[in-house]
J.: 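So that we are looking at the same thing, I have put the structure below in C-alpha cells.
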Amino acid sequence: MHSIPQPTQPTQPTQPAVAREDALRSLARIAVFAALIGALGLMGAVPVPGLVPVTAQTLGVMLAGAILGPWRGAAAVSLLLVLVAFGMPLLSGGRGGLGVFVGPSAGYLFGWVLGAAVVGLFLHGLRRSRGAAGPGRLRPPRPTWLRAVPGMLVGGILAVYAVGIPVQALITGMALSDTALTSLAFLPGDLIKAAVACLVTMALWRAYPRAFR
Ligand SMILES: O=C(O)CCCC[C@@H]1SC[C@@H]2NC(=O)N[C@@H]21
C-alpha cells in the first residue's frame with residue numbers, strides 16, 4: 001500500500017537563526033548609513049575660515065538615528081568616525097585623518113554620535129518590541145510627527161551643539177558665549193536638514209517600514 005505524501009509544513013526559523021539574521025541585517029544597515037553620511041560629505045562644505053564647516057552630513061546623522069534607532073544609529077556614526085580616524089577622506093571637503101579630532105570641529109563630530117542616539121531614542125525608544133513582524137522579530141514603533149520633530153531638534157541639533165560648542169571654545173580659545181553666537185550661523189541650515197529628515201523618515205515608513213527594523 002502506498003502512503004499519500006503529506007504536504008510539508010513550512011519550518012519556522014529557530015530563535016538563534018532569527019537572532020543571527022537580525023544581527024547581520026543590523027551590521028549591514030550600520031555600514032549603509034556610515035556610507036550615506038560619508039556620501040553626503042561629497043556635497044562639499046561651506047568653509048567658515050578657521051572654524052567649522054557647514055555640511056549636509058548632519059542630515060545623514062539625523063536619518064541614521066531616526067531609521068536605525070539609538071544604538072545602531074550611534075554605531076553608524078561611530079563607524080564613520082573610525083574610518084575617518086584611519087585616514088579615509090569621508091568628511092566634507094574630502095577631509096580625514098586624526099587631525100580632525102583635535103581641530104575646532106572635533107566636538108561636533110563626537111556630538112554626531114550623541115545626536116544620532118538621541119534622535120533614535122525619540123523615535124524608537126530604548127528597546128524595540130516583539131510583535132507582528134514575524135516570530136521573534138523585533139520591531140520599532142511607528143514614527144509620528146510628535147516624536148520626529150522634537151527628536152530632530154533635540155538630537156539632531158541641540159545635542160550636537162551641546163558637545164560641539166564647548167569643545168570648539170576650548171580648542172580655539174574663544175569665549176564660550178562668542179562661540180555659541182557664531183554657531184547660530186548653522187541654525188538655518190540645520191533647521192532645513194531637520195525638516196528634510198522628518199519628511200524622509202515619515203515617507204520611508206509609509207513606503208518601506210522594514211527599513212526601520
Ligand atoms: O567636518 C567636520 O569636521 C565636522 C563638521 C561639523 C559641522 C557642524 S555639525 C552642526 C553644525 N551644522 C553644520 O552644518 N555644521 C556644524
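Indexing begins at 1, ligand by ligand and atom by atom, following the structure's order.
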J.: Taking side chain as C-beta onward, heavy atoms only, is Pro70 less than 4.5 Å from His124?
T.: yes
J.: Partners of Phe110 by ring pair (Phe, Tyr, Trp, His ring centres under 6.0 Å), sequence neighbours excluded?
T.: Phe101
J.: Could you give all pairs that pass the salt bridge (charged side-chain N to carboxylate O under 4.0 Å, His left out) test and reach residues 193-204, with sequence neighbours left out?
T.: Asp190-Lys193
J.: Can you tell me how far apart CD1 (Ile30) and CZ (Arg25) are? Round to the nearest 0.5 Å.
T.: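 Those atoms lie 13.0 Å apart.
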J.: Can you produce the list of protein nitrogen or oxygen atoms under 3.5 Å from a nitrogen or oxygen of ligand 1, alongside each distance?
T.:
unit_1, atom_1, unit_2, atom_2, d
ligand 1, 1 (O), Arg95, NH2, 2.4
ligand 1, 3 (O), Arg95, NH1, 3.0
ligand 1, 3 (O), Arg95, NH2, 3.2
ligand 1, 3 (O), Ser105, OG, 2.5
ligand 1, 12 (N), Asp190, OD1, 3.2
ligand 1, 12 (N), Asp190, OD2, 2.9
ligand 1, 14 (O), Thr55, N, 3.0
ligand 1, 14 (O), Thr55, O, 3.4
ligand 1, 14 (O), Lys193, NZ, 2.9
ligand 1, 15 (N), Pro53, O, 2.8

J.: Got a second to check how far Leu90's CG is from Ile37's CD1, nearest 0.5 Å?
T.: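 Here the interatomic distance stands at 10.0 Å.
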J.: May I ask you to list the residues sharing a hydrophobic cluster with Val82, side-chain cutoff 4.5 Å, ordered by chain and number?
T.: Phe86
